[in-house]
There are 2 protein chains.
Amino acid sequence: MQLVNNQCNCENCELKPIFFEYVEEKSLENICNWKYEKAFRKGENISNQGDEIKEFIYLKSGLVKLYRKNENDKDQIISFAKPLDFISLFSVFSNKSFNYSITAIEDSVTCNINLNELKKLISTNGNFALGLLTKVSQASDKIIITTLEIKQKQTFGRVAYILLYFSNEIYKNNSFELPVSRKEIADHIGMTTENVIRTLSSLRSDGIIKIYGKIIEVVDKDRLQKICNYS
Amino acid sequence: MQLVNNQCNCENCELKPIFFEYVEEKSLENICNWKYEKAFRKGENISNQGDEIKEFIYLKSGLVKLYRKNENDKDQIISFAKPLDFISLFSVFSNKSFNYSITAIEDSVTCNINLNELKKLISTNGNFALGLLTKVSQASDKIIITTLEIKQKQTFGRVAYILLYFSNEIYKNNSFELPVSRKEIADHIGMTTENVIRTLSSLRSDGIIKIYGKIIEVVDKDRLQKICNYS
DNA sequence: AACAGCTTATGATATTTATCATATTTTTGG
DNA sequence: CCAAAAATATGATAAATATCATAAGCTGTT
């Protein structure tokens with residue numbers, strides 16, 4: 001992790017219109033004093049389950065995974081988060097400590113805001129609070145709905161779902177390099193690594209995708225979408 | 001559904017210390033003008049997936065289920081909610097319409113607050129907003145964590161989980177009447193009705209529970225807890 | 001270069017879960 | 001109160017998924 005040389009550039013932040021929608025210029029200037037940016041390399045840990053929450057974090061660039069260890073010490077990946085998704089969306093306001101870990105799965109930059117200062121801003125600025133409440137709710141909703149959707153599918157539907165997620169939501173390209181291992185996909189969609197691999201192989205032999213190691217090319221997106229919807 | 005004769009009794013509301021923690025007496029009086037109470041009989045629908053959200057709803061008494069229909073028209077029960085759990089916790093601030101339905105599974109009374117008025121209160125009262133943000137986050141967190149915990153278990157662990165939930169969280173008694181059918185349990189924990197029935201039968205023949213129709217008696221809670229933790 | 005460790009891959013098999021069939025009991029509506 | 005529908009129950013079987021075994025390919029390190 002590396003602290004980014006921190007010129008106050010909130011004015012240019014692409015998140016500004018969303019995050020700071022309701023904050024006047026004057027308050028916005030203050031934010032520069034509480035916030036700083038951190039850069040993480042692929043694979044680096046951003047925060048750990050159990051850590052005290054001292055900061056509100058969001059992602060400026062990159063890609064991260066949110067995951068937790070269960071009682072049997074097995075990882076469950078809750079979701080992936082891309083920029084404009086808040087990453088410290090849940091736990092932050094409801095807990096003293098994180099109930100999940102965050103790790104960068106691509107080189108990432110986070111913007112960190114001191115939580116106490118943020119809370120002060122919320123308590124003195126109702127409109128900002130309402131905006132934030134909306135964002136936090138949207139982020140939680142998305143996790144809940146996504147989890148339900150994955151849960152109702154079986155093997156092929158789940159693998160199709162995650163491939164379409166990376167293709168459509170993250171890389172916006174039919175060809176992309178998987179930022180995660182087969183095991184991580186398995187930990188996210190709730191199946192074994194072997195079955196993820198097998199399912200990918202099967203999609204390949206049906207000519208729906210091509211596989212070059214970590215690189216996936218979606219050849220027949222219509223069929224993949226049908227598989228996602230109906231199985 | 002029946003409108004409850006609506007004397008303003010927020011002062012005595014058991015939710016007051018939580019919900020209105022940060023609202024001064026003066027604002028609190030206003031709330032009486034926007035809120036009203038509704039009584040629902042077991043089985044009655046409180047709101048429907050797709051309905052426009054006009055009110056913030058919470059549960060004064062009773063028990064409800066939150067569920068949604070998926071593309072294949074199959075119900076998925078997201079969670080059960082008891083009093084002090086907000087029931088319009090998600091969607092409310094993030095969506096124009098409910099992305100789930102709510103049905104009373106026991107006679108229930110809701111308190112409904114006009115959403116626009118509530119939003120005005122939020123925007124003019126930052127402390128209240130922060131309190132609400134905390135509550136909404138806690139409610140979402142609980143759903144997310146619960147869903148993950150259920151997901152990682154298999155048949156026996158899931159059935160044990162739901163029995164312990166009703167026994168410990170809802171009825172605080174080793175003997176209780178199930179407020180839901182076997183099918184509804186199945187829709188919640190993601191298995192088939194037959195398997196829920198079979199698993200219950202199996203727990204009975206192992207002497208862990210007794211079954212009298214809808215009435216369940218947990219005979220050996222320690223073993224049930226072990227089953228919940230380890231399968 | 002060589003080794004260790006991890007990931008990907010695939011086959012064989014075992015286990016888990018769903019589906020289908022059927023019967024009994026309970027609930028609901030006229 | 002009765003008939004129909006729904007819920008509960010259980011067995012037999014099929015399908016889905018996990019587990020175990022093995023091997024090849026990659027990756028990082030010394």
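Worth saying up front: this structure is predicted, and the values here are computed from it rather than measured. Within every chain, numbering begins at 1; the chains are lettered A, B, ... in the order of the sequence lines, protein sequences first and strands thereafter.
The side chain of A:R182 contributes no N or O atom lying less than 4.0 Å from OP1 or OP2 of C:dT7. A close approach under 4.0 Å does not occur between any side-chain nitrogen or oxygen of B:N195 and OP1 or OP2 of C:dT17. Residue B:T193 places none of its side-chain N or O atoms closer than 4.0 Å to OP1 or OP2 of D:dA7. Listed pair B:R204 / D:dT10 meets the phosphate criterion, a side-chain N or O lying under 4.0 Å from OP1 or OP2. In this structure, A:K214 does not reach the D:dC26 phosphate: none of its side-chain N or O atoms is under 4.0 Å from OP1 or OP2.
Within 4.0 Å (heavy atoms only), B:T155 reaches sugar-phosphate atoms of the nucleic acid but no base atom.
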Take B:R68 and A:E149, measure what salt bridge (Lys or Arg N to Asp or Glu O under 4.0 Å) needs, and give me the verdict at the end. CA-CA 11 Å; B:R68 51 183 249 123; A:E149 281 182 350; 3.8 Å; yes
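Taking the six-membered ring where tryptophan is involved, the planes of A:F80 and A:F166 are tilted, since the angle between them lies from 30° to 60°.
At whole-Å resolution of the value, CE in B:M191 and P in C:dT19 are 12 Å apart. Computed from coordinates, the A:Q154 CD to D:dT17 P distance equals 5 Å when rounded to whole Å. Between the P atom of D:dA16 and the NZ atom of A:K153 lies a distance of 16 Å, rounded to the nearest Å.
Using modelled atom types, one finds no donor on one side chain facing an acceptor on the other under 3.5 Å when comparing B:S97 with B:D51.
The side-chain contact (heavy atoms from CB on, under 4.5 Å) test with B:L148 singles out one residue from B:T146, B:I144, B:I150, and that residue is B:I144.
When distances are taken from the side chain of B:T192 to each of C:dT19, D:dA18, D:dA9, the shortest belongs to C:dT19. You'll find that the side chain of B:I197 is closest to D:dT8, out of C:dA9, C:dT19, D:dT8.
Scanning atom types as modelled, one donor and one acceptor separated by under 3.5 angstrom connect the side chain of A:R198 and the base of D:dT19.
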